Engineer: 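Take a look at the following structure, please.
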There are 2 protein chains.
Amino acid sequence: MKIGELARLLGVSTDTLRYYEQHNLLSPSARSESGYRLYDQTQLKQMQFILRAKEVGFSLKETSELLQIKVDKNQHSCEEVKGITLQKLELVRARIAELQCFEKSLSKLAKRCCGGQESADFCSILTALEDVDGTHK
Amino acid sequence: MKIGELARLLGVSTDTLRYYEQHNLLSPSARSESGYRLYDQTQLKQMQFILRAKEVGFSLKETSELLQIKVDKNQHSCEEVKGITLQKLELVRARIAELQCFEKSLSKLAKRCCGGQESADFCSILTALEDVDGTHK
DNA sequence: ATAAACCTTAGAGTTAACACCAAGGTCAAG
DNA sequence: CTTGACCTTGGTGTTAACTCTAAGGTTTAT
Ligand SMILES: [Zn+2]
Ligand SMILES: [Zn+2]
Ligand SMILES: [Zn+2]
Ligand SMILES: [Zn+2]
């Protein structure tokens, strides 16, 4: 299988596949005489692993770690794998909390502004941001 | 006030102030003979506005838009201001939803892995990512 | 035999919000 | 008069995950 075929099969770009190769996520199984990358079922499976890891939120770096473990599983423990997962989970939760804080502030601001066509001279959003005490009132 | 003083007052770096100037968020009120940036109360207030906007989640670009409106409020409407706010709110909510999806998947994965010291040969996290049908069972 | 479709490498561009650095000018204190 | 603290410009580096370009070689179909 050449790079274009694999890309079409997976719904990614050939650039992406070359990028993953550069970043040690996926190497072709061989090269043709003319230097074209060649892939087979093993690579297809591996890309599916990568894409699934991406779906659940792992970064490419984290996915790469998981792949390292996957290639010789018996040299690694469940502890490691779960560690990576929990660490990511922490990060995701922290980011959610931060965004929820934004969400709260923004919806509070939006609720108080009439949103009408009249001039913004007394817009409560602007005044809330101007006031030193922008959180209350 | 020179740039260092203003920076100390606000708890930001002088680099940040110069960066904001480059990006049209805050210009000094004047320059000294020797070319030093000079700021006064107006700039202090404006920086506080910027920092508050940042606190509620606005990007610098969005903050810049808000500042444009603020400088001549009567040429703009509440509608515009609320529009920016609601648009941001949408974005934040979308991002939260995406992260919550990750959170769900990750916690499901973590829950099923024993996390023990034994080899990862049968780690349910890895097998879940390997299986085409990684979401169920 | 030639055009279309495919492939190669190497490198630059994108976005956000700065941090850091070099080389040099300025200003107050001792 | 010389440190040391401060300031200037202009530039590069950071992170993530690609995307795009240039300049060229290969394959396949007509
Ligand atoms: Zn209004
Ligand atoms: Zn309003
Ligand atoms: Zn286990
Ligand atoms: Zn496990």
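A, B, ... follow the sequence lines: proteins, then strands. Residue 1 opens every chain. Everything numeric here is computed off the predicted structure, so don't read it as measured data.
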Engineer: For Y39(B) and dC6(D), give me the distance from atom OH to atom C1', rounded to whole Å.
Structural biologist: 14 Å
Engineer: Specify the separation, in whole Å, of atom CD of Q22(A) and atom P of dA12(C).
Structural biologist: 13 Å
Engineer: If I take atom CE in residue M47(B) and atom C1' in nucleotide dC18(C), what distance separates them, rounded to the nearest angstrom?
Structural biologist: 12 Å
Engineer: Output the rounded distance in Å from CD (E5(A)) to P (dA5(C)).
Structural biologist: 16 Å
Engineer: Heavy-atom distance under 4.5 Å between the side chains of L9(B) and M47(B), does that happen here?
Structural biologist: no
Engineer: Which letter, B, S or -, goes with each nucleotide of nucleotides 13-29 of chain D from 5' to 3', with contact meaning a protein heavy atom under 4.0 Å?
Structural biologist: ----BBBB----BBS--
Engineer: Could I get the full list of salt bridge (Lys or Arg N to Asp or Glu O under 4.0 Å) partners for K73(B), not counting sequence neighbours?
Structural biologist: E130(A)
Engineer: Write down the distance between CD1 (I3(A)) and C1' (dA5(C)), rounded to a whole number of angstrom.
Structural biologist: 15 Å
Engineer: Show, in sequence, the C-alpha distance, side-chain angles and deciding distance for R31(B) and R37(B), and conclude whether the side-chain contact (heavy atoms from CB on, under 4.5 Å) test is met.
Structural biologist: CA-CA 5 Å; R31(B) 292 282 186 140; R37(B) 288 168 178 83; 3.6 Å; yes
Engineer: Just the rounded figure in Å: distance from P of dA10(C) to CZ of R18(A).
Structural biologist: 12 Å
Engineer: How far apart are the closest heavy atoms of V56(A) and L106(B), and which atoms are they?
Structural biologist: O-CG, 3.6 Å
Engineer: What integer distance in Å separates E98(A):CD from dA16(C):C1'?
Structural biologist: 14 Å
Engineer: Below the 4.0 Å mark, does dT9(D) have OP1 or OP2 next to a side-chain nitrogen or oxygen of R31(B)?
Structural biologist: yes
Engineer: So Y19(A) and L25(A), do their side chains get closer than 4.5 Å, heavy atoms only?
Structural biologist: no
Engineer: Among all residues two or more places apart in sequence or in another chain, which pass the salt bridge (Lys or Arg N to Asp or Glu O under 4.0 Å) test with D15(A)?
Structural biologist: R18(A)
Engineer: Can you find a side chain N or O atom of R37(A) that sits less than 4.0 Å from OP1 or OP2 on dC7(C)?
Structural biologist: no
Engineer: Calculate the interatomic distance between E21(A) atom CD and dC7(C) atom C1'; express it in whole Å.
Structural biologist: 13 Å
